[in-house]
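For ligands, and for the atoms within them, numbers begin at 1 and follow the listed sequence. For this chain, numbers begin at 1 and follow the sequence in order.
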Amino acid sequence: MKSFVINGQRRLCGETDIQGSKNSVLPIMAATVLVNGESIIHNCPELSDVDAAVKILRLLGCTVKREGHTLIVNSENVNSYEIPDRLMREMRSSVMFLGAILGRMGKAVLSTPGGCEIGLRPIDIHISSLRLLGVSFADENGKLKFDIPDGLQGTRVTLPFPSVGATENVMLAACTAEGITVINNAAREPEISDLADFLNKCGAHISGAGESTVIIQGVKSLNSAEHRVISDRIVAASYLLCAAVTNGNICITDVVPSHIGSVLPVLREMGCTVETGINTVKLLSPEKLRRIRLIRTMPYPGFPTDIQAPVTAALSVADGTSVVIENIFESRYKHVGELLRFGAKIHIEGRMAVIEGVNTLNGATVNATDLRGGFAMLIAALAAKGGSVVLNTEHIDRGYEAPELVLSKLGADIKRTE
Ligand code: UD1
């Protein structure tokens, strides 16, 4: 089994740059399906989720080349509209290809994505919104069949919740629809703006991305473009928390500080000194972190659900009791059982976690339960006294590019083993 072996309590110091955003590059890769030509995507992180998206693109008929952190996708010969079950299972977010496949091929066949480690993750909002654009849908024994009998028609779509994936799917489908589509209560995540920036470079007409109303004027077709993916705000916040639990002093570069605008005040409240530059964040951590009275996860620009597990791990060693409320996913506390193995004191009640800070965590052998929950294990292991083993690293590799290299460079004692 693949694992990380960590000797904790090494102070993290130094500088590291932040990888490209997973949650940006995946929908942008899906968007390349709409392009009648070549898409050149820079700052593409090396992640297993990106590999899964490459497999989907190839299966749909695209040619994909990787040159370091640049991905070159040629979509001239897209000839399939089906994503098989094994790929839907490999990456649950493969559902974001739906809008693009519909826009390009006029139909799509996917299998039911099913639940995952952090919750049920239904796609009802995606489906009901696409229906408004003229998409018909049938579930034939787990095969989800989508058709567009009269072509995609622009319309007004009001999302019942600002779902990131549903906003992206509607944007993708609306790019080449007839007329204007208006999405109300759209998700406002920076990754939505990045997707719109890429699509607009390809010739789409999208305005308002990053705000709650997005307007898409349909165009006939999309053309070749070159784009640099934004940096990963979740990875940035994750490494800041690594420094915070090790009395560290680090500078992260190639970040957009405003993208972690809800996380920085939390780090300051924990006692860290945080300074932001144009593309940098410097963090100096105190000897003992302070508790946070209350953190609620919210859609952007609120505190990200993807940082809930990492911050919970960090608060395990804070002075005092903190409360975290998870508002986005219904069962995103699987990591807590593993944190208890380090000696953390955390109680869960429904969507609330009460974290009683302890003086020291002790090294332990733990499982990475999911992507962000897995990174929370690394944070706890860095803070813990003695050696730890984090098993099932494949979850972490979905979203963090070579974390052992980043952390070793900053002074951590961490190795990857088979
Ligand atoms: C995206 C991110 C993920 C992040 C999440 C919330 C990507 C690839 N993933 O996931 O890292 O944790 O946003 O910030 O960008 N929901 C429904 N029906 C739907 C769609 C969503 O009930 O049709 C619910 C979900 O179960 C969840 C909530 O809405 O409880 C938010 O989901 P959504 O914003 O869609 O997240 P994803 O796009 O899947």
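Heavy-atom proximity to Ile123, at under 4.0 Å, picks out these atoms of ligand 1: 19 (C), 23 (O). Residue contact check: Phe161 has heavy atoms under 4.0 Å from atoms 28 (C), 29 (O), 31 (C) of ligand 1.
The closest heavy-atom contact to atom 14 (O) of ligand 1, among the options Val95, Thr305, Ile127, comes from Thr305.
For Ile278, the CD1 atom counts as loosely surrounded, since its 6.0 Å shell holds 12 or fewer non-hydrogen atoms of other residues, nucleotides or ligands. For Lys201, the NZ atom sits in a packed shell: over 12 heavy atoms of surrounding residues, nucleotides or ligands are nearer than 6.0 Å.
Residues Glu326 and Thr297 bring a donor and an acceptor atom of their side chains to less than 3.5 Å of each other.
Among Lys415, Lys2, Lys409, Arg416, the single residue meeting the salt bridge (Lys or Arg N to Asp or Glu O under 4.0 Å) criterion with Glu404 is Arg416. Gln308 pairs in a side-chain hydrogen bond (donor to acceptor under 3.5 Å, both in side chains) with only one of the listed residues (Arg332, His335, Arg296), which is His335.
The salt bridge (Lys or Arg N to Asp or Glu O under 4.0 Å) contacts involving residues 167-192 comprise Glu191-Arg233, where partners must be two or more places apart or lie in separate chains.
At least one N/O-N/O distance between Ser163 and ligand 1 falls below 3.5 Å. Residue-to-ligand polar distances place Ile328 within reach of ligand 1: an N/O pair is separated by less than 3.5 Å. Considering backbone and side-chain N/O atoms, Asp124 comes within less than 3.5 Å of an N/O atom of ligand 1. Polar contact with ligand 1: present for Gly165 (N/O pair, distance under 3.5 Å). In terms of N/O distances under 3.5 Å, ligand 1 is not approached by Glu168. At a 3.5 angstrom cut-off on N or O pairs, Lys22 does not count as close to ligand 1.
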Kindly indicate, with the supporting measurements, whether the criterion salt bridge (Lys or Arg N to Asp or Glu O under 4.0 Å) is fulfilled by Asp197 and Arg228. CA-CA 10 Å; Asp197 287 348; Arg228 187 177 195 274; over 6 Å; no

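Residues Tyr239 and Phe375 bring their aromatic ring centres within 6.0 Å.
Assignment of Glu191 to the shell around ligand 1 is not supported, since no heavy atom sits closer than 4.0 Å. Ligand 1 lies within reach of Met96, whose nearest heavy atom is under 4.0 Å from it. Using a 4.0 Å cutoff on heavy atoms, Arg332 counts as a contact of ligand 1. Within the 4.0 Å heavy-atom cutoff, Pro122 counts among the residues contacting ligand 1.
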Throw together a table of side-chain donor-acceptor distances under 3.5 angstrom for residues 42-56, partners on residues two or more places apart or in other chains.
from, atom 1, to, atom 2, distance (Å)
His42, ND1, Thr70, OG1, 2.9
His42, NE2, Glu226, OE2, 2.7
Asn43, ND2, Val229, O, 2.9
Ser48, OG, Asp397, O, 3.4
Ser48, OG, Arg398, N, 3.4
Asp49, OD1, Arg398, NE, 3.0
Asp49, OD2, Arg398, NE, 3.3
Asp49, OD2, Arg398, NH2, 3.1
Lys55, NZ, Glu90, OE1, 3.4
Lys55, NZ, Glu90, OE2, 2.9

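When heavy-atom distances to ligand 1 are checked against a 4.0 Å cut-off, Ile125 comes that close through both its backbone and its side chain. When heavy-atom distances to ligand 1 are checked against a 4.0 Å cut-off, Val164 comes that close through both its backbone and its side chain.
The pair Lys143-Glu82 meets the salt-bridge criterion, with a side-chain N (NZ, NE, NH1 or NH2) lying under 4.0 Å from an Asp/Glu carboxylate O.
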